[in-house]
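So the structure is just underneath, and the comments pick up after that.
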Amino acid sequence: MKNMAKLISTLLILGAFTSCSESHFREDKIFAGGKYVTAKTLNKGKQTYTEYCMPCHGVNGDGKGVASKGMKVPPRDFTKGIFKFGHVLSGELPHDEDLFELLKKGLDGTAMLPWDLKPDQANAVVQYIKTFAPKVWEGKDKELGKHVELISDPYGLAHQSAAIAKGKAIYHGEANCQSCHRAYIGVEALGKITEENPREVDMTVFQQKPQETEWGFQNIPPDFTWDTVRSARTVDDLAHRIAAGIGGTSMPAWKDTITDDQIWAVSYYVKSLMDMKDTQLRKDLMNAIKAENQKFGK
């Protein structure tokens with residue numbers, strides 16, 4: 001890890017010395033949503049990208065920078081014009097504000113750090129990365145996704161326990177989240193929710209199932225008690241992520257598939273699982289699941 005940090009630091013320094021002053025762009029562009037961007041801004045964006053982003057995301061924005069070779073989580077390939085995290089339905093183009101947020105906060109558990117860029121730098125680099133996927137971004141006819149709106153949190157701390165209990169039932173029942181993530185209850189409890197004979201429960205529900213992505217590599221849905229959730233730290237974050245889905249992956253947008261109330265309840269439940277990471281509670285939960293499953297010969 002130290003070697004990786006040293007490599008990235010070295011590349012950043014080299015990037016700073018090799019930053020381009022060239023005028024690569026000579027014409028202004030119009031991007032999705034009617035965003036008018038001057039050639040001056042794009043050239044500034046290229047310079048900022050070269051200094052800070054190129055070591056990981058590559059000269060061509062394809063995620064194949066020099067530093068990417070040692071990374072467990074591949075840097076985003078901008079040439080696809082697909083972004084995983086935004087406040088729009090998965091598969092739709094995110095707004096600039098969504099991309100600014102990613103720059104500012106980074107992505108937990110990855111090499112994507114929070115970047116303290118000046119507003120003009122952030123804007124310039126966001127506009128520049130759009131040029132890697134001109135067929136997706138460029139033109140007056142390209143549309144941005146519609147922001148996903150949710151009702152206000154109907155639970156709050158006062159009703160947190162009720163939300164967790166309801167979310168647990170939805171997670172393992174109506175939403176069937178264990179089909180991609182994993183189950184956090186034993187076969188008997190799961191059978192009561194799904195009306196299935198515990199002895200006939202498919203044990204893969206206790207495994208994480210790798211999923212194909214539109215970038216050509218597999219994505220492993222997180223075990224919420226163990227893995228780091230990259231784009232969500234709070235119940236609010238989780239609710240909006242569940243509602244919008246994750247672009248380029250099999251995680252769908254749940255908005256209008258289940259109710260907003262249910263989305264909030266699942267978010268409270270998932271957050272309660274995330275809070276178990278590195279605690280005795282997690283060990284107790286896993287031991288309880290194992291003991292229950294063994295009663296049914298599982």
_CA sep, side-chain torsions, deciding dist, call: Glu174, Asn176, side-chain hydrogen bond (donor to acceptor under 3.5 Å, both in side chains)_ = CA-CA 6 Å; Glu174 190 168 353; Asn176 191 29; over 6 Å; no
Under a 4.5 Å cut-off applied to non-hydrogen side-chain atoms, are [X] and [Y] in contact?
{"X": "Val136", "Y": "Lys142", "answer": "no"}
{"X": "Pro74", "Y": "Trp215", "answer": "no"}
{"X": "Arg230", "Y": "Met112", "answer": "no"}
{"X": "Phe25", "Y": "Thr131", "answer": "yes"}
{"X": "Met274", "Y": "Leu238", "answer": "yes"}
{"X": "Leu190", "Y": "Pro198", "answer": "no"}
{"X": "Phe85", "Y": "Ile246", "answer": "yes"}
{"X": "Trp115", "Y": "Gln121", "answer": "no"}

Working to the nearest 0.5 angstrom, can you tell me the gap between [X] [atom1] and [Y] [atom2]?
{"X": "Ile151", "Y": "Thr259", "atom1": "CD1", "atom2": "OG1", "value": "7.0 Å"}
{"X": "Glu149", "Y": "Lys146", "atom1": "CD", "atom2": "NZ", "value": "8.5 Å"}
{"X": "Asp98", "Y": "Leu102", "atom1": "CG", "atom2": "CG", "value": "7.5 Å"}
{"X": "Ser68", "Y": "Asp62", "atom1": "OG", "atom2": "CG", "value": "8.0 Å"}
{"X": "Asp284", "Y": "Met286", "atom1": "CG", "atom2": "CE", "value": "10.5 Å"}
{"X": "Lys271", "Y": "Thr234", "atom1": "NZ", "atom2": "OG1", "value": "8.0 Å"}

Parallel, tilted or perpendicular: which fits the ring planes of [X] and [Y], with parallel below 30° and perpendicular above 60°?
{"X": "Trp137", "Y": "Phe83", "answer": "perpendicular"}
{"X": "Tyr171", "Y": "His181", "answer": "tilted"}
{"X": "Tyr268", "Y": "Trp264", "answer": "tilted"}
{"X": "Tyr49", "Y": "His57", "answer": "tilted"}

Quick one: do the [X] and [Y] side chains pair a donor with an acceptor below 3.5 Å?
{"X": "Asn123", "Y": "Gln127", "result": "yes"}
{"X": "Gln218", "Y": "Glu212", "result": "yes"}
{"X": "Asp202", "Y": "Thr204", "result": "yes"}
{"X": "Tyr155", "Y": "Asp261", "result": "yes"}

*Report the C-alpha distance between Gln160 and Leu157 in whole Å, list the side-chain angles of each, state the deciding distance to 0.1 Å, and finish with yes or no for side-chain contact (heavy atoms from CB on, under 4.5 Å).*
CA-CA 5 Å; Gln160 186 174 2; Leu157 289 177; 3.4 Å; yes
Does [X] pair with [Y] as a salt bridge, N-O distance under 4.0 Å?
{"X": "Lys130", "Y": "Asp96", "answer": "yes"}
{"X": "Asp278", "Y": "Arg282", "answer": "no"}
{"X": "Lys255", "Y": "Asp260", "answer": "yes"}
{"X": "Lys80", "Y": "Glu214", "answer": "no"}

Exceeds 12 heavy-atom contacts within 6.0 angstrom, atom [atom1] of [X]:
{"X": "Lys64", "atom1": "NZ", "answer": "no"}
{"X": "Asn197", "atom1": "CG", "answer": "yes"}
{"X": "Lys295", "atom1": "NZ", "answer": "yes"}
{"X": "Ile220", "atom1": "CD1", "answer": "no"}
{"X": "Glu143", "atom1": "CD", "answer": "no"}

*Check against side-chain contact (heavy atoms from CB on, under 4.5 Å), Val59 and Met54*: CA-CA 6 Å; Val59 175; Met54 189 179 72; 3.5 Å; yes
*Measure from the ring center of His95 to the ring center of His87 and say whether it is less than 6.0 Å.*
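No, the ring centres sit 6.0 Å or more apart.
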Which heavy atom of [X] sits nearest a heavy atom of [Y], and at what distance?
{"X": "Arg182", "Y": "Gln207", "result": "CB-O, 3.9 Å"}
{"X": "Met251", "Y": "Ser90", "result": "O-OG, 4.1 Å"}
{"X": "Ala39", "Y": "Glu27", "result": "CB-O, 3.6 Å"}
{"X": "Ser231", "Y": "Arg241", "result": "OG-NE, 3.0 Å"}
{"X": "Ala124", "Y": "Thr41", "result": "CB-O, 3.5 Å"}
{"X": "Ala239", "Y": "Leu150", "result": "O-CD1, 3.6 Å"}

Is there a donor-acceptor contact under 3.5 Å from the side chain of [X] to the main chain of [Y]?
{"X": "Lys168", "Y": "Ala265", "answer": "no"}
{"X": "Lys277", "Y": "Thr225", "answer": "no"}
{"X": "Tyr184", "Y": "Phe224", "answer": "yes"}

Should [X] and [Y] be regarded as members of a common hydrophobic cluster, given that ILVMFWY residues are connected when their side-chain heavy atoms come within less than 4.5 Å of each other, either directly or indirectly?
{"X": "Val66", "Y": "Val73", "answer": "no"}
{"X": "Ile82", "Y": "Phe78", "answer": "no"}
{"X": "Val148", "Y": "Val270", "answer": "no"}
{"X": "Leu117", "Y": "Val37", "answer": "yes"}
{"X": "Val126", "Y": "Val88", "answer": "no"}

*asked:* Please enumerate all residues that pass salt bridge (Lys or Arg N to Asp or Glu O under 4.0 Å) together with Glu92, with sequence neighbours excluded.
replied: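 Salt bridge (Lys or Arg N to Asp or Glu O under 4.0 Å) list for Glu92, sorted by chain: empty.
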*Go through the steps for Asp236 and Asp153 under the test side-chain contact (heavy atoms from CB on, under 4.5 Å), then give the verdict.*
CA-CA 8 Å; Asp236 187 80; Asp153 180 357; over 6 Å; no
*Does the side-chain contact (heavy atoms from CB on, under 4.5 Å) test come out yes or no for Ile185 and Ile193, once each step is laid out?*
CA-CA 10 Å; Ile185 54 178; Ile193 293 174; 3.8 Å; yes
*Who else is in the cluster with Ile30 when I, L, V, M, F, W and Y are joined by side-chain contacts under 4.5 Å?*
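Joined to Ile30, directly or through intermediates: Tyr36.
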